[in-house]
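Chain identifiers are assigned alphabetically (A, B, ...) following the order of the sequence lines, protein sequences preceding nucleic acid strands; residue numbering begins at 1 within each chain.
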Amino acid sequence: MRSKKLFLLDAMALIYRAHFAFIKNPRITSTGVNTSAVFGFTNTMLEVIKKEKPTHFAVCFDTKAPTFRHIDFPEYKAQREAQPEDITTAIPLVKRLVKAMNIPLIELDGFEADDVIGTLAKKAPKDEFDVFMYTPDKDYGQLVDEHIFLYKPAFLGNGIEVMGVPEILAKWEISRIDQVIDMLGLMGDKVDNIPGIPGVGEKTAVKLLQEYDSIEGILANADKIPNKIGEKIRAGKESALMSKHLARIEINVPVEFDEEDLKMCEPNTEELSALLDELEFRTLKTRLIKSDGSNQDLNKPETKDKPKAETNQMSLFGATEEEEVEKEVKEKDTINSVVHDYYLIEGKEQRAELIEYLMAQDEICFDTETTDVDAIDAEIVGLSFAYRAKEAFYVPCPPRFEEAKAVLEEFRSVFENEKIMKIAQNLKYDLTILSNYGIEIKGTLYDTMLAHYIVEPEQRHGMDYLAMNYLNYEPVSIETLIGGKGKKQGNMRDVPLEAIKEYAAEDADITLQLKTILDKELKKTSQEKLLYEVEVPLVSVLSSMEREGVKLDVQALQDLSDTLHKDLVITQSEIFEIAGMEFNVGSPKQLGEILFEKMKIDEKPKKTPTGQYATGEDVLSNYEAEHEIVKKILDFRELSKLKSTYVEALPQLISKKTGRIHTSYNQAVTATGRLSSTNPNLQNIPIRTERGREIRKAFIPRDSDHLILSADYSQIELRIMAAFSEDASMVEAFNQGIDIHSTTAAKVFGVELADVNSDMRRKAKMVNFGIIYGISAFGLAQRLGIPRGEAKDIIDAYFTQFPNVKTFMDECINKARETEYVETILGRRRYLRDINSRNQTNRGFAERNAINAPIQGSAADMIKVAMINIHDFMKAEKLKSKMILQVHDELVFDAHISEIEYLKEKVDYFMVNAIPMKVKIETGIGVGKNWLEAH
DNA sequence: CAAGGCACGC
DNA sequence: GACGTACGTGCCTTGT
């Protein structure tokens, strides 16, 4: 870090970014001026100043008419002409603004902003200045002297190592930094819209550069280059030179580096104020005036002559982009500094008094402190309660189980009171703990973690995060109590009572406050029902499934382990024999070197992003037929995966308490609304391969009076898509019970249903599969092992045959473009903020999600509702059978023999009727002595 | 201990 | 021609 920090802004680049960001939703003043671009520019500039606190600053403008360096390329021209008024009005306004801010504005006749920036960076005294440049693509990055001439992608980031010129070089297999420029010139448009030569890609560019050294060399020899590539190069000559020019930043333009000129100054408040009024940037102005406590009256003439306050020159800039955009200035309550009352409740009398208070409330918030993160094994240490903000109570529990249970027993009346809503963060954990002590909570429940999961599914939902975000408050971290992660972590039992009281009471207090805020958020988006009627009721269901656990046939796994071990040893020695040496087959690195360097099974091996040889299944299977070793390696991989991940890991997780394995369902991780399973993950137990299936045999019923019953939805996602799209032929196929993949195949390949062969069906199945998972034509080709063109033909045929599906997909995307989110049948949202992005990769990703999320998410909604209804039914009828597992579209039961027929009928009923659909929903139900047989 | 590579399920 | 290639969890290796 040097003492001075110079920031350089490319004004037109920022203006364009702002322009496009607001193109759908422009900001118009009451007099009809479009202020989108100037607004975006202003906020970005203030944000940069606020965040980076530069000591020196300049805004640079392009001067070549029409000013923008990329402006002459057709797509930019088209975009600009589509809505020009914003840009044209923005330029003079931005200039006025910059002037009012007393920030130097540099325009150099005949040169572009990037070149001015590059030159200033070059000229800045190296020992004094850190120089940064803001660009709309990557925010800002430091200009590193020796690489300033490179175009942005190569120099951004704090130093060349970070941004990865070495990576670029490794990836492109060129040896000289300056050739990066030539690469960009040749293949261009992958990098920030430099056009390059259409048709020349990475491989071609590398080959050409290796042969002819530079773009100039290539162009000089263009006539010698054969085939299409030669044609393309001859045709793209000008574009290549232009691209090279664009990719290079000039560092010798005639601009002086004058330190005094560039110094940050106080703005001219009078001018600034007038301009902000004119632009109607009210929030921004309020902030500017308010923060400047020394002089709130901006109309006072002496303001501009006020002496410079060097020490806190940045204090003016309090507003951020988000705040202004939302037009909502939230006065965050900084309760860290506010007094709170946390009480320690000890002894029966104090507890009785607390209980009396609690019983009088409509809502209480509670939290349990325990000895373990795993709820099944945890013992309770204490309980905390809160029923109004900034006040909370902590009740310690004695260490001995019976005594602790007695204390909890006193609170039974509270937990069982149906009139009191119980609020918690990660409710399932607390429910499970209390269940371990025989307490079943009744009444309405609320979980702030799940509330936030519904509000913002893709963010984090931890309490500390929520407290920071919504309350601007940093709670005491668990680490300060019991130490960091790892084996050094202490036990909650050993924490002094006073410390644990503060921590525990605070948790209850914070959770209560979060509930109030999250409730409002849910109301805004009408998602209360999803929380109250689906997610929260599901908590109890999952808690009881987890507590129930599943029995494992340990002996079967032991036998399997022995077999796998023998096979592994044999396979490994065979691999060593063929390879001619011993190595670690489990190391992708060593394996890659053996296959591609020693054995040279391919001249052009595929590499991973880090330059290692790729040895994934999809890559290796290409060589399977010609190289016996590859087959053995794949075998080895399968065997070791089964052995380490399942056969050996699962028995370790059998609970000492119950003798069964208890997975943990996470209800707040997936973007689509599905559950996930950990410790162990029981949602990825093998089924595809023969040997893998053996593992399912080890999942067995609790005793000889029970059997495993498995019920799964048949083609649930496709049925949901059929229902959503109302595509007649697809709905009909489902309603008639015809095999959907064959139906698809018949339509796509234009044959009679009876003439569909297995290959056609396989391809059609992949297409159906691909649509559900939102993969592209490329992905489909990859999976099917067919040329991309053929994959595209299949997809085109699909859309012709199922036109409503196409319409449905387009509607999904259009809706997302409009609202930036999509939703499921129960109103679960997934936000797709990249849907209007100009980065085609990100946009494509968002578009696939726009189709995928409603389908997968609705399927998740459906099985959640079914689970709740089935659980309620089983409880009401006091069945001995238990629901024990959920695997996305499948439910597994430990079913009492006497109840099997009844259970089958009811489970089918509740699954089929969970949510009414315009298409027939079907399930497949099986029963067996183990999980595999039940399928 | 984190990151990369790989593989399992739906 | 190149984009990047569903979502999760968990194992092993490698390098710090």
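- Atom-to-atom, CD of Q886(A) to C1' of dG8(C) comes out at 13 Å; the value is rounded to the nearest Å.
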Worked verdict on L642(A) versus L560(A) for side chain to side chain contact (heavy atoms under 4.5 Å, CB included): CA-CA 10 Å; L642(A) 294 177; L560(A) 188 53; over 6 Å; no
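- Scanning residues 680-691 of chain A for heavy-atom distances under 4.0 Å to DNA chain C yields N681(A), N684(A).
- Of the candidates dG5(B), dA7(B), dA6(C), dG5(B) carries the atom nearest the T610(A) side chain, counting heavy atoms from C-beta on.
- Between the side chains of D635(A) and T571(A), not a single donor N or O lies within less than 3.5 Å of an accepting N or O.
- Here CZ of R696(A) is found 10.5 Å from CG of N930(A). Values are rounded to the nearest 0.5 Å.
- When the C1' atom of dC8(B) is taken as reference, atom CG of L642(A) falls 9 Å away, rounded to whole Å.
- Distance check: I454(A) CD1 to R829(A) CZ gives 11.5 Å after rounding to the nearest 0.5 Å.
- Residue T645(A) places no side-chain N or O under 4.0 Å from the OP1 or OP2 atom of dT9(C).
- Backbone-only contact: D889(A) has heavy atoms under 4.0 Å from sugar-phosphate atoms and none from a base.
- Q590(A) comes within 4.0 angstrom of sugar-phosphate atoms only, judged by non-hydrogen atoms across all strands, and of no base.
- Annotation: side chain of T678(A) is not in contact with side chain of N666(A) (no heavy-atom distance under 4.5 Å).
- N666(A) comes within 4.0 angstrom of nothing in the nucleic acid, heavy atoms only.
- The same atom, P, is picked in dG4(C) and in dG5(B); the two are 16 Å apart, to the nearest Å.
- The same atom, P, is picked in dT16(C) and in dC12(C); the two are 22 Å apart, to the nearest Å.
- Residue-level contact check: T672(A) touches neither bases nor backbone, having no heavy atom under 4.0 Å from any strand.
- When the side-chain nitrogen and oxygen atoms of S676(A) are compared with OP1 and OP2 of dT9(C), one or more of them lie within a distance under 4.0 Å.
- Between the P atom of dT14(C) and the CZ atom of F583(A) lies a distance of 12 Å, rounded to the nearest Å.
- In this structure, Q612(A) does not reach the dT14(C) phosphate: none of its side-chain N or O atoms is under 4.0 Å from OP1 or OP2.
- Of the listed nucleotides (dT14(C), dA6(C), dG5(B)), dG5(B) has the atom at the smallest distance from the side chain of P609(A).
- When both distances must be under 3.5 Å, the Watson-Crick or G-U wobble mate of dA2(C) does not exist.
- Look at CG on N768(A): it is 18 Å from P on dA6(C), rounded to the nearest Å.
- Between K643(A) and dC11(C) there is no side-chain polar atom (N or O) within less than 4.0 angstrom of OP1 or OP2.
- T615(A) comes within contact range of the sugar-phosphate backbone alone, with a heavy-atom separation under 4.0 Å but no base atom that close.
- Atom CE of M917(A) sits about 3.5 Å away from atom CE of M862(A), to the nearest 0.5 Å.
- Comparing the C1' positions of dA7(B) and dA2(C) gives an interatomic distance of 27 Å, to the nearest angstrom.
- Not one side-chain nitrogen or oxygen of T670(A) sits closer than 4.0 Å to the OP1 or OP2 atom of dG8(C).
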Show me, pair by pair, the donor-acceptor contacts under 3.5 angstrom made by side chains of residues 586-593 of chain A, not counting sequence neighbours?
from    : atom 1 : to      : atom 2 : distance (Å)
S587(A) : OG     : K589(A) : N      : 3.4
S587(A) : OG     : Q590(A) : N      : 3.1
Q590(A) : OE1    : N584(A) : N      : 2.9

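- We find that CG of L675(A) is positioned 14 Å from C1' of dG9(B), with the value rounded to whole Å.
- Where S677(A) and K606(A) each meet DNA chain C at their nearest nucleotide, the meeting point lying more 5' is that of K606(A).
- Classified by interplanar angle (parallel below 30°, tilted 30° to 60°, perpendicular above 60°), the ring pair Y613(A)/F596(A) is tilted.
- Closest to the side chain of T608(A), from the set dC10(B), dC12(C), dG5(B), is dG5(B).
- A close approach under 4.0 Å does occur between a side-chain nitrogen or oxygen of S587(A) and OP1 or OP2 of dT14(C).
- If you measure from atom CD1 of I716(A) to atom P of dC7(C), you get 21 Å, rounded to the nearest angstrom.
- Using cut-offs of 30° and 60° on the angle between ring planes, the pair F724(A) and F808(A) is tilted.
- Side-chain N/O atoms of R848(A) include none lying less than 4.0 angstrom from OP1 or OP2 on dA6(C).
- Nucleic acid contact for R843(A): none, since no nucleic acid atom lies under 4.0 Å from a heavy atom of the residue.
- I884(A) places none of its side-chain heavy atoms less than 4.5 Å from the side chain of M545(A).
- At dT13(C), one or more side-chain N or O atoms of N584(A) fall inside 4.0 Å of OP1 or OP2 (strictly under the cut-off).
- We find that CD of E617(A) is positioned 15 Å from C1' of dG9(B), with the value rounded to whole Å.
- Here K641(A) lies in heavy-atom contact (under 4.0 Å) with a base.
- A distance of about 15 Å separates the P atoms of dC6(B) and dT5(C), rounded to the whole Å.
- The separation between K589(A) atom NZ and dG15(C) atom P is 5 Å, rounded to whole Å.
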